[in-house]
Amino acid sequence: MAELNKLGLAEARDALRAGDVTSVELTEACLTEIEGAGALNAFVHNTPEIARDQAKAADVRIKAGDAPDMCGLPIGIKDLFCTKGVPSQAGSRILEGFLPEYESTVSGNLLDAGAVMLGKLNMDEFAMGSSNETSVYGNAVNPWRRGNDEAALTPGGSSGGSASAVAADLCLAATGTDTGGSIRQPAAFTGITGIKPTYGRCSRWGVVAFASSLDQAGPMTKSVRDAAIMLEAMCSHDPKDSTSADLPVPNFEAMLTGDIKGKKIGIPAEYRMDGMPEEIETLWTQGREMLADAGAEIIDISLPHTKYALPAYYVIAPAEASSNLARYDGVRYGHRAKLDQGDGITEMYEKTRAEGFGDEVKRRVMIGTYVLSAGFYDAYYNRARKVRTLIKKDFEDVFAQGIDAILTPATPSAAFGLGEASDDPVQMYLNDVFTVTVNMAGLPGIAVPAGTDAQGLPLGLQLIGRPWEEGDLLNTAYALEARAGFVAKPQKWW
Amino acid sequence: MSIDQSTAARVAKLARIKVEEDQLPALASEFNTILGFIEQLSEVDVEGVEPMTSVTPQRLKRRVDEVTDGGQQDKVLANAPDAREGFFAVPKVVE
């Protein structure tokens, strides 16, 4: 079999079970590819020895007939997941040298299922960013380019390394996390599939916390089928995360029939933004036609508070971040600043955090501190939480009308150039305008590659589902994927 | 609401992040840009709306109040920048 690294999870699983290939062969193919892909800066901590050992163990399990779906499949893990004995820095200087003594529940679930960890993937610092430009490791780079233009493009963020690695076939799939769009936006920018499940589906235990009421893990894959397979392996009820749902995890792959006849798909008027590029508008119309062609009923809907999701997010997420990131104090783990004669504990905190955090993280921690401070708590934080209630109610109302899923663009543009958008923080925040509502309402959302722009860059559509109905959502995405027929791959330049 | 330099300095202090004096004007200006964006929320009628406490309706699970974990001092201290005699070490706190 040629070019094993280009396989998806489902194909590789079937080939492993048929005895056509071994996990060791798959793993070696990926390791070779990673070695040659330094220019993408996607993998930032490589774990070839661990991968080889896990691949050998997986081959034994497969031979013995004890092989869950993920067994033997080489994947990458976002740096936000704590992985036992392997650097886990959340893309931050403040966690330099941190070696977790434990494994996150999600990565543990994948490893228990026999998945092979190739290494850790680049990301925006503490998952705060939409371009992977706030990482201590430097920018991850999109394998896609604008035609023959050599300008380096962002793979999106915060799961930029995951997106770049999957799109460039350095691994079969990768984990991501999504607080405001950090799985779906990079997936759309790189022509891959990414799903954020319902809040509570994946345990947050051992995932470095950004905004705990919004954070969810999910898979980033080469197809909807792969997303179904990997999501099932990642989900579980976990007593160590009190917000983890005590619900059975369905066999998502078995729900992929492609039959969406009679499903009601909502098209929200408020997602038609001023100044939205023509290409995005066209893609959205095409997506609507594809779902109608598959037998779905297309219904115009209204989600009136959409406009306020992003500003409310930029109160709630920084507020939670300022609280979560208080733990980086130079005492228990990570970086501690060198102190001057006479410095006390306050100077230690202040210098450690000034040296350890990058500009965007500092900005958000301080904004969060401000909106939670005495005198502003009601005006900002409480008001944002009330607006969040209204945003969630918008969705509940349309679901109560019988809507099964909502179709929107995934992003307001194709991938932009590295350095093109980093000057103005608010401009950067607008990247998440279509995805952030989903986190605010705790719903599942999936980005599916659906077309390309005039310069040949991938564009994605987003489907939003009812809570806990990821299986149905994946099936709708499967029908969309089949009709979009997106097969383009980036030309190798790295 | 406009943030001046002294407010920016106070916020930095509350957040325990050292910001040099000459960086304060730029920081205050960034705060104002972001807060200007957030200001839109004041347009929304939130009269009688409950602030969200949990995005999915769920009751937190209860369990028996008993020790389920512990005895891992070495692991707890393994990543400390400065650990001595089984404790985290920090600069002098009490004068």
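Here is how names work: the chains are called A, B, and so on, in the same order as the sequence lines, proteins then strands, and each is numbered from 1.
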Quick check: are there more than 12 heavy atoms from other residues, nucleotides or ligands sitting under 6.0 Å from CZ of B:Phe88? yes
Would one find more than 12 heavy atoms of other residues, nucleotides or ligands at under 6.0 Å from atom CD of B:Gln23? yes
Which atoms of [X] are under 4.5 Å from chain B, going by heavy atoms: the side chain, the backbone, both sets, or neither?
X        : result
A:Leu339 : side chain
A:Ala379 : neither
A:Val426 : side chain
A:Lys392 : side chain
A:Asp246 : side chain
A:Phe357 : side chain
A:Thr352 : neither

Any side-chain to backbone donor/acceptor pair from A:Arg332 onto B:Asn79? Under 3.5 Å, distance only. no
Could you tell me whether the side chain of A:Arg353 and the main chain of B:Arg16 form a donor-acceptor pair under 3.5 Å?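 Yes, because the side chain of A:Arg353 sits within donor-acceptor range (under 3.5 Å) of the backbone of B:Arg16.
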Looking at chain B, which one of [options] has the largest number of heavy-atom pairs inside 4.5 Å, strictly under?
options                      : answer
A:Tyr313, A:Tyr381, A:Tyr199 : A:Tyr199
A:Asn382, A:Thr243, A:Val365 : A:Thr243
A:Phe98, A:Tyr102, A:Tyr308  : A:Tyr308
A:Leu390, A:Val387, A:Val331 : A:Val331
A:His335, A:Lys362, A:Glu101 : A:Glu101
A:Met348, A:Lys351, A:Arg363 : A:Arg363

Tell me, side chain or backbone of [X] under 4.5 Å from chain A's heavy atoms, or both, or neither?
X       : result
B:Leu27 : side chain
B:Ala89 : backbone
B:Thr53 : both

Verdict with supporting geometry, B:Thr56 and A:Trp468, side-chain contact (heavy atoms from CB on, under 4.5 Å): CA-CA 10 Å; B:Thr56 49; A:Trp468 313 115; 3.8 Å; yes
For A:Tyr370 and B:Ile3, what are the C-alpha separation, side-chain angles and deciding distance, and is it a side-chain contact (heavy atoms from CB on, under 4.5 Å)? CA-CA 10 Å; A:Tyr370 181 73; B:Ile3 293 202; 3.6 Å; yes
Applying a heavy-atom distance below 4.5 Å, give me the residues of residues 315-330 of chain A that approach chain B, sorted by number.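 Residues A:Val315, A:Gly330 are the ones that qualify, each having a heavy atom under 4.5 Å from chain B.
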Note, [X] side chain near [Y] side chain (heavy atom, < 4.5 Å):
X       : Y        : answer
B:Ile38 : A:Arg383 : no
B:Asp69 : A:Lys240 : no
B:Leu35 : A:Tyr380 : yes
B:Val55 : A:Arg388 : yes

Please find the pair of heavy atoms, one from A:Ala354 and one from B:Ile17, that lie closest to each other, and give the distance.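 Taking A:Ala354 first and B:Ile17 second, the nearest heavy atoms are CA-CG2, 4.2 Å.
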If every non-hydrogen atom of A:Gly334 is compared with every non-hydrogen atom of B:Pro81, which pair is closest and at what distance? O-CG, 3.4 Å
Salt bridge check: are A:Lys307 and B:Glu43 linked by an N-O gap of less than 4.0 Å? yes
Are any of the side-chain nitrogens in A:Lys386 or B:Glu50 under 4.0 Å away from the carboxylate oxygens of its partner? no
Evaluate the salt bridge (Lys or Arg N to Asp or Glu O under 4.0 Å) criterion for residues A:Glu347 and B:Lys18: first the C-alpha distance (whole Å), next the side-chain angles of each, then the deciding distance (0.1 Å), finally the verdict. CA-CA 8 Å; A:Glu347 287 80 11; B:Lys18 186 176 173 61; over 6 Å; no
Look at [options] and state which one has the largest set of heavy-atom pairs under 4.5 Å with chain A.
options                            : answer
B:Leu14, B:Ile34, B:Val19          : B:Ile34
B:Ala78, B:Gly36, B:Ala12, B:Ser42 : B:Ser42
B:Thr33, B:Val44, B:Val76, B:Leu77 : B:Val44

Kindly compute the distance separating CE (A:Met366) from CD (B:Glu30), expressed to the nearest 0.5 Å.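 So the gap between those two atoms works out to 8.0 Å.
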Working to the nearest 0.5 angstrom, can you tell me the gap between A:Ile391 CD1 and B:Met52 CE? 8.0 Å
Quick one: which residues of residues 57-67 of chain B reach chain A at under 4.5 angstrom, heavy atoms only?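 Within residues 57-67 of chain B, the residues that come under 4.5 Å of chain A (heavy atoms only) are B:Pro57, B:Gln58, B:Leu60, B:Lys61.
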Parallel, tilted or perpendicular for A:Tyr429 and B:Phe37, by the 30°/60° rule?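 Rings of A:Tyr429 and B:Phe37: tilted, as their planes differ by 30° to 60°.
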